Amino acid sequence: MATLVQSHPYSKEPDIRLEDYLDDKLQSTTDFESLDSLLANVEVQRSQLQAQLNDATKELQDARRAAQDRQGGISQSVEEFQKLQESIDVRLKIVAESNAPEEAIRRLDQPMKQLQKVELAYQYVSLLQDVENLRLQARSHLPQSPKAALQPYSRLKKLSMRLKELQGIADGAATHLVSYVERITDHLWDEMKNTMSEEMDNILKKRNWPQGVEPIAEMDAEWLQCFEKLVDLQLPEVLFSKHVVALLPFEALAKPFIQWFRFQFMGNSATSNPQSFGTFCIPQFLSLIDKWEGFFRDNVGYVLASRFQNTKVRGLSVYMDPACALITALLPVMREKINAMVQHGLKNPQSLSSLMVQLMDLDDEIRSRFNYDGGDPDRGWAGLTSEVLEKHFDDWFKAEKDFALERYHAIMNSSDARNIDYDYSSIGKMKPTYGAVRVTDLLKSVTSQYERVRRFSHKLRFLIDIQLHILDDYHDRFKDSLDAYYTINSTLGRTLHGVTKEQAAALEGTGAFESLCKVLGSSDHIITTLKDWSNEEFFVTLWEQLQTRARRTDGDGDITSGMSYENVKDRTSADVGSDGDGGILFDETIAAYTNRRKSAEEYLVAALIDSNQKAFRPYLSKSQWTTISDDSHVETTHLSITPELDEPLTILKRNLTFLASALSTAVYRRVCREALEKMQDMLWASILMAQNFTTLGAAQFARDLDALSSLIDRHILDGSIALGTLQEGARLLNLPLEADSGVITLKHASDCVFTDNTEAKKLLAELGLASLTPANARKILQRRVENSE
């Protein structure tokens, strides 16, 4: 009970639940009869509760003791851990200060390397064993089943290629292994080909190929079967090769042809001489292919089509066309012959030049006659010429340049190089010199030498370093000639440099005209030729290729090897690299020659004017225009020309005759028109405006003008129009003193002209004098002596 009191400190307080319990059990007096049983029940419950309380107290005490024990264990564990940590720290410090790990690593390093070597050796040997097994498997299937032999060979080939790739990644490791596998693979392939080729050789011997076979014959079944086996064997090589390969059956079939070729053209016979290459070797080589072309196409064309039609090489004639396959098999021996020819040509440049032309002809024949594409259907076969030029272009270029320059200097040094070729073109066309015609012919021959060359850089070097070089030198000669002419004819030049008798004599008569016409006609010839060339397909294509490359450089760097953008632009055209469609290859050269042509024409006009002035000098000084005649009206047709005019007319006729023979109609008329206009100004100022005229003097002047105009019109159609103003002035000057009614007299004209400009214009219009002004009309009428009286 004491325990209950201690456990329930509020037991003295009324317990509502107890009261409710008692009220429920003791509701009436009769309920007190069961009080003993009620107390007994309560006692039982109390006993149970006390037991439960005791158990809970004991469990609490046990839990407290366990917690104390556990706390003590944790504390002990913490202490042990701290001691262990301190021990570890001490040992780590000892280890850090010690070299024992490195020593251990060093001790293990050698065994590990040995282990790696052992593993590598095992893999090495295993790989070699696999290579040997694949080789034996491939050999076991030959010659019965070449397709079956291809399976192990293909695996071996892929292994070899994979090793090659891995070697590159590994910086060239395992060189001997890679080389060995590659060598085994190549040897196996050669062995497979030889095995199958031997079978073909035996078949060919039985049929006495080619002597015993007619070009129109058919292959038998055994022959075709062997042919098909060889094609099947080579199929993977054809499909995976990056280069054109000769087909095995054609190599076997071509062996007799190659032996014949070596005997005929690579031995000691006369046909083996270098001189016979173009006349015998090439024609017979082409004839051989032409002879057997139909035989192979008829017999094995379908075999090649069936094997390659559905592959990536179906568009290549070297595999699809039997004739082209034969050419591929024969080209190696032709290359040997060509190499020998090149070595001979290197010692003899003239032979090298001839050889290159022959090779280009051979390439063109093979392409055109047999449609040979060389494995490149888009760009076509590069040709044997390209193969030679890859190694020997510089040698060939030097030879061609030396020949071109030698011929150019020979042309310039020839005795007639500076003579005008009057037979070059018909009347009315420009006449160049013999030298100019020969220079353009030389340049055309140079073009023919390189126009079939395929590489752009090679063609550009020929254009710039040979053709434009010659044109520039020829242009400099024209410039020097004009400079010399100017020096001789200018006062300053004669003062500074002097003039020899020979130089002065060379310009007498038509000498000056001839000298200038040479430059004028030759420059025009060069310009016309270059413009014509610029429209030719070859030069148009070359210009387009140049533009494409120039645009890629963006104005910086080299267009080709050794040729900078600026250098090429300066030598060809300012439009190089531009986005427009203008420009041609010869723009700069044409511009230079155009300047020389313009200068020559200007000098020619000046020379013609000077010649006229000198010729007319005695005529201008004539003072007999005031001669009086008894007749008041003089017919000009009854008069003879003034004696002082005979020489000028003779010289003018000579000059016009010469110029007409050397110049084109347009240039001739342009030059003469300018000179005649100056002549009109001279006669106008020195005679018409300076002299006084009587009726007879005016008629004489008109007669002289008629003679002059008649001469000019005979040489230049309507050329006297250039003297139109002077002729109208002479008509006004020749108005009669007296005339029938309706005819304007001198007095009437004078009255009208001096009245005012309106009357003067009416008079001039009535007389049909359209080019005269009222002021000029007054001055002319004042020259009449009769008006001054």
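Residues: numbered from 1 along the sequence shown. We use all heavy atoms of the structure for the numbers below, so side chains are in, but hydrogens, waters and symmetry mates are not. If you're wondering where the values come from, they're calculated on a predicted model, not measured in any experiment.
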Less than 3.5 Å apart, any donor N or O on the side chain of Asp558 or Ser564 sitting next to an acceptor on the other?
no
Report yes if some heavy atom in the side chain of Arg571 is under 4.5 Å from a heavy atom in the side chain of Leu463; otherwise report no.
no
Does the Arg784 side chain pair with the main chain of Leu746, one donor and one acceptor, at a distance under 3.5 Å?
no
Check whether the side chains of Ser710 and Asp713 place a donor and an acceptor atom closer than 3.5 Å, and report yes or no.
no
Mind checking whether Lys761 and Pro774 have side chains closer than 4.5 Å, heavy atoms only?
yes
Residue Lys401 excluded, over 12 heavy atoms near NZ under 6.0 Å:
yes
Are the side chain of His458 and the backbone N or O of Arg454 linked by a donor-acceptor pair below 3.5 Å?
no
From CG (Asp472) to NE2 (His475), nearest 0.5 Å:
8.0 Å
Backbone of Glu644 reached by a side-chain donor or acceptor of Thr642 within 3.5 Å:
no
Quick one: do the Glu738 and Thr745 side chains pair a donor with an acceptor below 3.5 Å?
no
Rounding to 0.5 Å, atoms OG (Ser720) and CG (Leu705) come to a distance of 10.5 Å
Within the side chain of Asp587, is there an N or O that forms a donor-acceptor pair under 3.5 Å with the backbone of Ile584?
yes
Atom CD1 of Ile559 and atom OG of Ser457: how far apart are they, to the nearest 0.5 Å?
12.0 Å
So Phe616 and Tyr619, would you call those rings parallel, tilted or perpendicular, with 30° and 60° as cut-offs?
perpendicular
Taking only residues two or more places apart in sequence or in another chain, which ones pass side chain to side chain donor-acceptor pair (under 3.5 Å) with Glu514?
none
Do Tyr450 and Ile466 pass the side-chain contact (heavy atoms from CB on, under 4.5 Å) test, and can you show the C-alpha distance, the side-chain angles, and the key distance before you say yes or no?
CA-CA 11 Å; Tyr450 78 91; Ile466 297 182; over 6 Å; no
Go through the steps to decide whether Leu688 and Leu683 satisfy the test side-chain contact (heavy atoms from CB on, under 4.5 Å), and finish with yes or no.
CA-CA 7 Å; Leu688 188 57; Leu683 295 176; over 6 Å; no
Heavy-atom closest contact (Ile716 atom, Leu656 atom, distance)
CD1-CD2, 4.2 Å
Taking atom types as modelled, is there a side-chain donor on Glu786 or Thr695 under 3.5 Å from an acceptor on the other?
yes
Please check this pair: side chain of Gln467 against backbone of Leu443, looking for a donor-acceptor N/O pair closer than 3.5 Å.
yes
Donor + acceptor pair across side chains of Thr433, Ser522 (<3.5 Å)
yes
Could you pull out the closest heavy-atom pair between Ile526 and Ala436, with the gap in Å?
CD1-O, 4.5 Å
May I ask you to check whether Phe539 and Phe586 place their ring centres under 6.0 Å from each other?
yes
Taking salt bridge (charged side-chain N to carboxylate O under 4.0 Å, His left out) as the test, write out the residues that go with Glu601, two or more places apart.
Arg670
Once you round to the nearest 0.5 Å, how far does CD of Glu728 lie from CG of Asn776?
10.5 Å
Does Ser709 use its side chain to pair, donor to acceptor, with the backbone of Asp706 at less than 3.5 Å?
no
Is there a donor-acceptor pair under 3.5 Å between the side chain of Ser515 and the backbone N or O of Gly511?
no
Sub-3.5 Å donor-acceptor pair from the side chain of Ser523 to the main-chain atoms of Leu520, do we have one?
no
Do you know which two heavy atoms are closest between Leu726 and Gln680, and how far apart they sit?
N-OE1, 3.1 Å
For the backbone of Ser445 and the side chain of Ser448, can you confirm whether one donor and one acceptor N or O come within less than 3.5 Å of each other?
yes
Tightest non-hydrogen contact, residues Val453 and Lys459, listed as O-CD, 3.3 Å
With sequence neighbours excluded, tell me which residues meet side chain to side chain contact (heavy atoms under 4.5 Å, CB included) with Thr755.
Glu759
Kindly compute the distance separating CG (Leu468) from CG (Leu530), expressed to the nearest 0.5 Å.
8.5 Å
Going by the rule ring-ring contact (aromatic ring centres under 6.0 Å, His included), which residues pair with Phe701 if we only count those two or more places apart in sequence or in a different chain?
Trp625, Phe693
Can you tell me if Asp756 has over 12 outside heavy atoms packed within less than 6.0 Å of its CG?
yes
Nearest heavy-atom pair of Asn419 and Ser415: which atoms, and what distance?
ND2-O, 4.1 Å
Heavy-atom side-chain contact between Cys752 and Lys762 under 4.5 Å
no
A side-chain contact here means heavy atoms from C-beta on lying under 4.5 Å apart; do Gln449 and Ser353 qualify?
yes
Measure the shortest side-chain to side-chain distance between Asp465 and Arg461 over non-hydrogen atoms and say whether it is less than 4.5 angstrom.
yes
Set of ring-ring contact (aromatic ring centres under 6.0 Å, His included) partners for Tyr668, sequence neighbours left out
none
Exceeds 12 heavy-atom contacts within 6.0 angstrom, atom CZ of Arg418
no
Sequence neighbours left out, what passes ring-ring contact (aromatic ring centres under 6.0 Å, His included) with Tyr434? Give chain and number order.
none
So, applying ring-ring contact (aromatic ring centres under 6.0 Å, His included) with His525, which one of Tyr593, Phe478, Tyr474, Tyr424 is it?
Tyr424
For Thr626 and Asn692, does a side-chain donor sit closer than 3.5 Å to a side-chain acceptor?
no
Derivation of the salt bridge (charged side-chain N to carboxylate O under 4.0 Å, His left out) call for Arg452 and Asp361
CA-CA 9 Å; Arg452 291 181 289 176; Asp361 292 339; 2.7 Å; yes
Backbone of His409 reached by a side-chain donor or acceptor of Asn413 within 3.5 Å
yes
Nearest heavy atoms of Gln547 and Val576, plus distance in Å:
OE1-CA, 3.2 Å
Is there side-chain contact between Glu400 and Val446, with at least one heavy-atom pair below 4.5 Å?
no
I'd like to check Leu708 versus Met679 (side-chain heavy atoms, cut-off strictly below 4.5 Å). Are they in contact?
yes
Relative to each other, are the rings of Phe658 and Tyr422 parallel, tilted or perpendicular (30° and 60° limits)?
perpendicular
Ion pair check, Arg438 and Asp416, cut-off under 4.0 Å
yes
Less than 4.5 Å apart, side chain to side chain, heavy atoms only: is that true for Lys429 and Ser426?
yes
Is there a donor in the side chain of Arg551 and an acceptor in the side chain of Ser578, or the other way round, less than 3.5 Å apart?
no
Show, in sequence, the C-alpha distance, side-chain angles and deciding distance for Ile609 and Met682, and conclude whether the side-chain contact (heavy atoms from CB on, under 4.5 Å) test is met.
CA-CA 10 Å; Ile609 292 173; Met682 175 185 65; over 6 Å; no
Determine whether the side chains of Glu588 and Thr572 contain a donor N or O and an acceptor N or O closer than 3.5 Å.
no
Approximate separation, where rounding is to 0.5 Å, of Ile780 CD1 and Asn734 CG
11.0 Å
